[in-house]
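A quick write-up on the structure given underneath.
Residue numbering restarts at 1 for every chain, and letters A, B, ... go by the order of the sequence lines.
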Amino acid sequence: MSDVRLRFAPSPTGYLHVGGARTALFNWLLARKQGGKFILRIEDTDVARSTQESVDAILEGMTWLGLDWDEGPFFQSERFPVYLEFVEKLVAEGKAYRCYCTTEELEAKREQAMKEGRKPKYDGTCRNRAEEPAGRPSVIRFRAPETGVTAFDDLIKGRIAFANEELDDLIIQRTDGTPTYNFTVVIDDATMGVTTVIRGDDHINNTPRQILMYEALGYPVPIFAHVPMILGSDKARLSKRHGATSVMAYRDMGYLPEAMVNYLVRLGWSFGDEEIFSREELIQKFSIENVGRSAGVFNPDKLLWLNHHYIKSGDPERLAELLKPFLKERGIDPATGPSLPVVVKTLQERSRTMLEMADGAIFYYRDDFAYDEQAAAKHLVPATAPLLAALVTKLESLVDVTQAGIEAAFKESMAEQGIKLGQVGPAVRVALCGGTASPGIYEVIEALGCEETVARLKRAVAFIGKA
RNA sequence: GGUCCCAUCGUCUAGCGGUUAGGACACCGGCCUUUCACGUCGGUAACAGGGGUUCAAGUCCCCUUGGGAUCACCA
């Protein structure tokens, strides 16, 4: 046990994407490993862009991944009074000041500075303004030191230092009185007692300003760990055009949460040569020290492989439950046919996603499917009709409807007919499943039951007769 | 452009001064086999470049090059 406190602080302007999910996961893992607390905070100070739908989507994504939080969710929009209090405190102490520069003026100065090759930072016009013009709109800026160096020891990147002259006086309160991100994040992390901040490395440049504010406020500076970004296949920032980026989209595409968690954690973190980690193992083995420093490319193939792995080794009962919605989408009611867990067992090895499994399960629950044309042309031919008929006879009197019993019946029938499995097997497969790719025929028969199997074989014989 | 970050197979990575540079995904072969798969065996494939330091450098330092992030009254 320890008193580490970590947090995930997304802004509700969209769904939970894989990058955010990984950041959340790292925070959650460290909290769980060290027996600390994991806080969820919604950063919705930008009222215009924040939506309730996004909040719900983020919560849903977290829940799906199994990332439970100990405190929150807190909403920054509900804490405005807290922020204002701190703003006033800073102003009273002379650590922040009112700025009357208009957006247009600032814009012009920025352009001018760029044109002259200077840094486009705030020039400090209002920093030492003597009197305050009444009736003019104003913002509040944080008074940052103009000299010196602000540095921190990043748990992932190592020591990072910034010359204070590179920083400028950033706005902490807008004209409309609302606080801005770089301020609220500091106030919240400080007042919520956050000890370790794990976040995307796109925040590195914000860190020195934030440290300066912690110091101005008299709060201890947390430890930072900036995790590298996730890239698309072209090494550009991961986006929609690389494929799905929403965590929930992967659920809908038939991915298991444990596969997503396993994939995400290994993207940037490693533990020797190990690839497969259960949730418990991750909590035990995860460490920030083993998080890499460079950005990583999101590899859908490896995610798919992991998903396949977890489907192969998953509990059929659970998978059956997860499969139901996918079957429903296909208009199939599993109650009308063979036991779903039994069906699942026959499909686990050949399903990389639950969606594939659903497609593979369809034939079990429909007896009116059309035969694959090529398969029928090749295997449902006159020569096989009597062989199938012989099997019908054999199966109709079969008592031991297990794979072993079925196999024995097949062997017997084949011996009587003087043929090999290859001469009748493919036809049975097509008769039962409609195509040439399917689980083993003994498995299928066991799942289907003798009655249904016989019906399908008879249907195939009839089909041959009509052809 | 300024600042900051990054750099081992196509991809994810191991490596923490001395290795035939290892594993995984993907890819290509063999085996297994009633199909598809699973499994299994094997193969192709990497230290961005240049300087140092050192008996010894993928590992430490510097430069170059190449990526990326960030410079908002967004978060």
Side-chain angles (χ1 to χ4, degrees), chain A residues 9-13 43-46 48-50 76 99 101-103 106-107 110 113-115 117-121 137-141 154 156-158 160-163 165-168 170-182 184-185 199-208 226 228-229 231 233 235-237 263 266-276 290 292-306 308 312 346-352 360 375 379 407 410 420-430 433 435-442:
Chain A
S11 64
T13 53
E43 311 226 317
D44 56 352
T45 54
D46 185 348
R49 293 203 308 158
S50 301
Q76 292 193 321
C99 170
C101 299
T102 64
T103 308
L106 294 172
E107 197 59 43
R110 245 196 300 277
M114 289 284 256
K115 218 167 66 181
R118 288 182 291 115
K119 294 163 188 142
K121 57 182 240 184
S138 64
V139 299
I140 298 199
R141 285 183 185 273
D154 192 279
I156 293 170
K157 308 275 191 178
I160 300 176
F162 291 81
E165 61 181 339
E166 298 297 336
L167 280 22
D168 62 358
L170 82 167
I171 293 167
I172 58 176
Q173 189 180 98
R174 304 185 181 93
T175 304
D176 65 2
T178 58
T180 59
Y181 165 75
N182 273 300
T184 58
V185 72
R199 66 202 338 182
D201 68 3
D202 49 332
H203 284 285
I204 286 182
N205 290 308
N206 288 328
T207 308
H226 287 98
M229 313 204 50
L231 275 23
S233 49
K235 303 269 186 128
R237 189 181 198 134
Y263 177 71
R266 271 290 285 109
L267 179 51
W269 173 82
S270 60
F271 192 82
D273 283 342
E274 293 184 39
E275 294 287 349
I276 307 292
N290 287 323
R293 294 166 309 270
S294 54
V297 173
F298 186 87
N299 184 345
D301 278 335
K302 190 151 185 181
L303 207 210
L304 196 56
W305 172 73
L306 277 165
H308 189 19
K312 274 185 295 182
T346 70
L347 263 12
Q348 282 173 281
E349 281 181 354
R350 57 208 97 225
S351 306
R352 295 180 300 176
H379 302 297
E407 182 174 2
F410 265 68
K420 289 180 179 172
L421 184 59
Q423 288 169 265
V424 69
V428 172
R429 166 166 287 105
V430 176
C433 312
T436 52
S438 81
I441 50 181
Y442 305 143

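Rounded to whole Å, the distance from NE2 on A/H203 to P on B/rA69 is 14 Å. The NZ-C1' distance, from A/K121 to B/rA72, rounds to 16 Å in whole Å. Atom CZ of A/F298 and atom C1' of B/rU13 are 16 Å apart (whole Å). Distance OH (A/Y181) to C1' (B/rA72): 14 Å, rounded to an integer number of Å. Per the geometry, CD1 belonging to A/I172 stands 17 Å off P belonging to B/rA72, to the nearest Å. Rounded to whole angstrom, the span from the CG atom of A/N206 across to the P atom of B/rA72 amounts to 11 Å. What separates CG of A/D301 from C1' of B/rC9 is a distance of 16 Å, to the nearest Å. For the pair A/D201 CG and B/rU3 C1', the computed distance is 14 Å after rounding to whole Å.
Base engagement by A/N182 is indicated by at least one non-hydrogen atom pair under 4.0 Å involving a base atom. Residue-level contact check: A/K312 touches the backbone only, with heavy atoms under 4.0 Å from sugar-phosphate atoms and none from bases. Contact annotation for A/E275: base contact, defined as any heavy-atom pair under 4.0 Å involving a base atom. Heavy atoms of A/F162 sit under 4.0 angstrom from primed sugar atoms or phosphate atoms, though from no base atom. Heavy atoms of A/D176 sit nowhere under 4.0 angstrom from any nucleic acid atom. Heavy atoms of A/R49 sit under 4.0 angstrom from at least one base atom. Among the protein residues, A/P439 comes within range of the nucleic acid bases, having at least one heavy atom under 4.0 Å from a base atom. The residue A/V139 sits close to a base: some heavy atom pair falls under 4.0 Å. When heavy atoms are screened at a 4.0 angstrom cut-off, A/I160 is found touching the sugar-phosphate backbone but no base atom.
Using a 4.5 Å cut-off on side-chain heavy atoms (C-beta onward), A/I160 and A/I204 make contact. At a threshold of 4.5 Å between non-hydrogen side-chain atoms, the residues A/R266 and A/L306 do not count as touching.
Among the nucleotides B/rU34, B/rU3, B/rC6, the one closest to any side-chain atom of A/L421 is B/rU34.
In this model, the phosphate group of B/rC25 is not approached by any side-chain N or O of A/R352 to a distance below 4.0 Å at OP1 or OP2. Residue A/S270 places at least one side-chain N or O under 4.0 Å from the OP1 or OP2 atom of B/rA14. Contact check, A/K235 against B/rU11: a side-chain N or O comes under 4.0 Å of OP1 or OP2. Listed pair A/K302 / B/rU13 fails the phosphate criterion, with no side-chain N or O lying under 4.0 Å from OP1 or OP2. Residue A/T45 places at least one side-chain N or O closer than 4.0 Å to OP1 or OP2 of B/rA75. Between A/R110 and B/rC71 there is no side-chain N or O to OP1 or OP2 distance below 4.0 Å.
B/rA69 has no stacking from A/H226 on its base ring, since the centres under 5.5 angstrom apart and planes within 30 degrees of parallel are not both found.
Side-chain contact, A/T178 with A/D176: a donor N or O sits under 3.5 Å from an acceptor N or O. A donor-acceptor contact closer than 3.5 angstrom is absent between the side chains of A/T13 and A/R49.
Residue A/Y263 forms a ring pair (Phe, Tyr, Trp, His ring centres under 6.0 Å) with just one option from A/F298, A/W305, A/W269, and that option is A/F298.
Nearest-nucleotide mapping onto RNA chain B: of A/A236 and A/G296, the residue sitting toward the 5' end is A/G296.
By the 30° and 60° cut-offs, the orientation of the rings of A/Y181 relative to A/H203 is tilted.
Evaluation of atom-type donor-acceptor distances gives no pair under 3.5 Å for the side chain of A/E274 against the base of B/rG23.
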